[in-house]
2 protein chains.
Amino acid sequence: MKMSDRKKKILQIVVDEYINTAVPVSSKSITEKHLTDVSSATVRNELASLEELGYLTQFHTSGGRVPSPQAYRFYIEELMERGNLSSQDLDYIERMFSSKSHDVEHLIKSVSEVISELTDYTSVAITPHAEAETIRSLSLLPCGDGTALLVIMTSERILRDSFISIPENMGEEELENASKMIGKIFAGKELGKVKEVEEEALSDFGQYRQVMREVIDALKLYTRPRDEDVVLTGAEKIFNHPEYEDVENVKNFLTVISSKDRLADIIEGENDEIQINVKIGSSGDSDVPDDCSVVTATYSAGGKNLGTYGVIGPIRMDYPKVITVLENVGKALEDLVNSKNKDRKDGNERKK
Amino acid sequence: MKMSDRKKKILQIVVDEYINTAVPVSSKSITEKHLTDVSSATVRNELASLEELGYLTQFHTSGGRVPSPQAYRFYIEELMERGNLSSQDLDYIERMFSSKSHDVEHLIKSVSEVISELTDYTSVAITPHAEAETIRSLSLLPCGDGTALLVIMTSERILRDSFISIPENMGEEELENASKMIGKIFAGKELGKVKEVEEEALSDFGQYRQVMREVIDALKLYTRPRDEDVVLTGAEKIFNHPEYEDVENVKNFLTVISSKDRLADIIEGENDEIQINVKIGSSGDSDVPDDCSVVTATYSAGGKNLGTYGVIGPIRMDYPKVITVLENVGKALEDLVNSKNKDRKDGNERKK
DNA sequence: GTTAGCACTCTCAACCTTTAAGTGCTAACG
DNA sequence: CGTTAGCACTTAAAGGTTGAGAGTGCTAAC
């Protein structure tokens with residue numbers, strides 16, 4: 001059955017209304033507030049039909065209707081009216097982004113905070129996948145006691161570090177030497193491709209084989225995000241939404257967000273091309289809980305991936321608001337990075 | 001009024017019973033299970049008296065009695081019977097600690113996990129106060145684009161790093177030079193005392209003044225724990241305790257634990273001397289919520305502070321269990337570090 | 001296709017009743 | 001004088017009843 005325009009209109013009203021009030025919507029309330037030119041009985045017929053199509057459900061006969069996940073998906077695709085942020089909100093974004101130093105590690109926290117604050121939902125953010133990045137330089141710093149600090153710089157300026165152990169009898173000069181040699185091997189390689197050169201690198205490297213081994217193991221670890229790479233902000237915000245007056249739901253939610261690994265899986269989707277990505281309820285694939293929605297956006301600016309950001313909350317989520325915020329934050333971020341790039345270029349020219 | 005032995009015995013029974021069952025305890029249940037040689041009426045008299053002394057409260061006349069915070073404090077001081085961990089639990093500790101590389105950053109996560117798992121409460125851990133540590137070395141690594149990475153090694157082998165910006169026109173050799181000079185200034189200084197030498201260091205330092213400024217600012221930041229220094233494990237464990245079937249309580253709890261800053265304040269007490277520290281309910285001082293208890297222990301081994309670890313949960317907490325776990329984990333940790341130190345010493349001797 | 005009208009269903013809150021638990025008090029006991 | 005049995009009293013929790021209110025589905029008429 002093709003959806004008539006009126007059906008669409010009514011569905012839109014139901015979803016809008018339910019998003020705003022969290023109360024099942026009745027035929028009467030529709031004719032009173034929105035569709036004053038038809039009677040409630042007519043609307044009732046349409047509602048029954050929409051229910052048959054799978055867009056609406058009722059908890060019980062006298063309870064009004066509630067949108068199904070399918071309805072939300074349709075709403076986002078076709079019905080939703082985009083809003084604009086208030087100038088207050090825009091100011092807030094500007095203020096939050098203008099102040100601080102902006103390496104990715106700090107940026108990710110500010111952005112997550114802004115998103116949570118503006119949407120009133122819990123925000124999750126994750127640094128870009130490291131796999132695609134190329135290693136720019138790699139150094140080993142002596143720490144004494146048979147350990148060294150491994151510092152890696154990638155093309156995207158992201159830094160990661162970890163300890164590795166080195167032979168007890170390795171002196172500082174020797175370490176420096178090894179550091180330079182190993183650095184040369186990996187410079188320009190993609191992190192994700194370290195595995196492929198593993199054999200070769202090890203066989204070439206009689207002298208510092210053990211150190212090489214450690215470095216490779218560390219590099220391999222970087223393909224998986226560390227706990228610190230996943231940022232969670234505003235967990236307590238869920239209590240602002242009535243579905244979380246039920247402990248059972250809070251329990252579900254808290255269990256999901258308390259594991260950074262799980263969070264990483266949830267917000268790291270197939271977002272290579274998609275700019276904004278909405279998962280509603282148990283879409284089957286990921287381990288998003290049944291009663292949750294996740295909206296994510298992957299930002300990049302100036303050819304640089306800035307990470308994936310998102311919002312997690314009840315299925316009855318204010319999608320227009322959330323999507324508008326995500327878009328505006330994306331724009332602001334782009335401006336920020338571009339203006340910085342420009343500065344940097346100016347600086348470099350001055351340098352010449 | 002002096003507490004008779006029988007009063008103490010009864011108070012102990014009440015607390016034990018309430019900790020185990022979460023049900024207000026009645027005079028009848030006491031005489032049935034524990035004090036079979038007196039009648040319930042006698043116990044009733046004692047209970048009334050204990051209530052008058054402030055150790056017990058009742059929600060309503062026919063509801064049995066519940067220990068007050070004061071009772072828990074007394075219980076921990078005088079009444080509690082220490083248990084021992086099962087050999088299973090001891091094995092578990094051993095297994096968890098034996099496997100991995102143990103710089104403090106990783107250690108803190110494993111320890112927190114072990115504590116949460118064994119106690120069945122939410123565990124919080126924080127790295128040692130950096131203020132008292134002395135700087136062992138300090139280096140600046142070039143990152144290009146007018147930024148450098150600051151790497152600091154302290155006496156305790158804890159490493160911390162952050163980006164600072166440097167003049168655009170500063171070459172790599174120059175940076176290396178600055179790094180060495182600045183390093184010399186701070187080597188051997190306590191982190192907490194950076195402020196004191198600030199003026200002096202800056203005035204001495206015409207040439208690299210700007211870089212010095214940045215380094216000092218970064219060093220000053222380190223007196224406050226970073227978010228990454230606070231580890232939270234097993235947040236979802238609170239749902240295993242009946243007090244958190246009430247959303248209001250969960251809300252309180254989640255709000256507290258969702259800010260790492262607040263968590264740091266809570267578990268960082270005046271634990272210079274005290275080995276195990278119990279805060280019950282709103283002790284007035286910190287921002288522990290009214291309905292929560294926090295038990296913390298600060299570990300050190302081989303002269304090295306290994307951080308503060310704790311458990312946060314309902315006032316009706318299984319103190320004997322929690323304290324036993326904290327003690328055993330402390331012992332295990334000490335063994336681990338000592339055996340490592342021994343290895344290291346052996347290694348150094350071999351080196352000579 | 002739309003509408004008025006009405007019977008039907010269901011929830012929710014208010015109220016009552018009963019039951020069970022546990023106490024406080026009093027008077028008697030050894 | 002501490003201990004005890006006995007009993008009246010209080011309260012929460014559970015179950016049942018009722019009435020009001022909300023909303024629907026259906027039918028017959030427009």
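Each chain gets a letter, A, B and so on, in the order the sequences are listed, and its residues count up from 1.
- The side-chain heavy atoms of Val25(A) and Val15(A), taken from C-beta on, include no pair separated by under 4.5 Å.
- Residues Ile312(B) and Val295(B) are not in side-chain contact: their nearest non-hydrogen atoms beyond the backbone lie 4.5 Å or more apart.
- Proximity of Ile10(B) to Ile30(B): side-chain heavy atoms (C-beta onward) are separated by under 4.5 Å at one or more points.
- The CZ atom of Phe59(A) sits 11 Å away from the P atom of dC12(C) (whole-angstrom rounding).
- The separation between Lys7(B) atom NZ and dT3(D) atom C1' is 14 Å, rounded to whole Å.
- Between Ser39(A) and the phosphate of dT3(C), there is a side-chain N or O to OP1/OP2 separation shorter than 4.0 Å.
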Table of protein N/O atoms under 3.5 Å from nucleotides 23-30 of chain C N/O atoms:
from    : atom 1 : to       : atom 2 : distance (Å)
dT23(C) : OP1    : Ser27(B) : N      : 3.2
dT23(C) : OP2    : Ser27(B) : N      : 3.4
dT23(C) : OP2    : Ser27(B) : OG     : 2.6
dT23(C) : O4'    : Thr61(B) : O      : 3.3
dG24(C) : OP1    : Arg65(B) : NH2    : 2.9
dG24(C) : OP2    : Arg65(B) : NH2    : 3.3
dG24(C) : N7     : Arg44(B) : NE     : 3.3
dG24(C) : O6     : Arg44(B) : NH2    : 3.2

What pairs of donor and acceptor atoms, side-chain ones from residues 35-48 of chain B against any protein atom, are under 3.5 angstrom apart with sequence neighbours left out?
from     : atom 1 : to       : atom 2 : distance (Å)
Ser39(B) : OG     : Ala41(B) : N      : 3.2
Ser39(B) : OG     : Thr42(B) : N      : 3.4
Ser39(B) : OG     : Thr42(B) : OG1    : 3.3
Ser40(B) : OG     : Arg44(B) : NH1    : 3.3
Arg44(B) : NH1    : Ser27(B) : OG     : 3.4
Glu46(B) : OE1    : Lys7(B)  : NZ     : 3.3
Glu46(B) : OE2    : Arg6(B)  : NE     : 2.8
Glu46(B) : OE2    : Arg6(B)  : NH2    : 3.1

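- With Tyr319(A) as the fixed residue, the ring-ring contact (aromatic ring centres under 6.0 Å, His included) test singles out one of Tyr72(A), Tyr121(A), Tyr75(A), Tyr18(A): Tyr72(A).
- Surrounding NZ of Lys28(A) are at most 12 heavy atoms belonging to other residues, nucleotides or ligands under 6.0 Å away.
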Symbol by symbol from the 5' end, with Watson-Crick or G-U pairs under 3.5 Å, [ ] crossing and | another strand, DNA chain D is ||||||||||||||||||||||||||||||
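- No option in Val231(B), Ile267(B), Val294(B) other than Ile267(B) meets the side chain to side chain contact (heavy atoms under 4.5 Å, CB included) test with Val124(B).
- Applying the side-chain hydrogen bond (donor to acceptor under 3.5 Å, both in side chains) rule to Lys9(B) yields no partners; only residues at least two apart in sequence or on another chain are considered.
- A salt bridge links Glu243(B) to Arg316(B): one of the charged nitrogens lies within less than 4.0 Å of a carboxylate oxygen.
- By the 4.5 Å heavy-atom criterion applied to side chains, Pro67(B) and Tyr55(B) are not counted as neighbours.
- Using a 4.0 Å cut-off on heavy atoms, none of the residues of residues 15-23 of chain B approach DNA chain C.
- In this structure, Glu32(B) atom CD and dA21(C) atom P are separated by 11 Å, rounded to whole Å.
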Do any N or O atoms of the protein come closer than 3.5 Å to N or O atoms of nucleotides 13-17 of chain C, and which pairs are they?
none

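- Looking at heavy atoms from C-beta onward, Phe74(A) lies in side-chain contact with Lys8(A) at the 4.5 angstrom threshold.
- Asp120(A) is listed as a side-chain neighbour of His241(A), based on a closest heavy-atom distance under 4.5 Å.
- At a threshold of 4.5 Å between non-hydrogen side-chain atoms, the residues Val311(A) and Ile115(A) count as touching.
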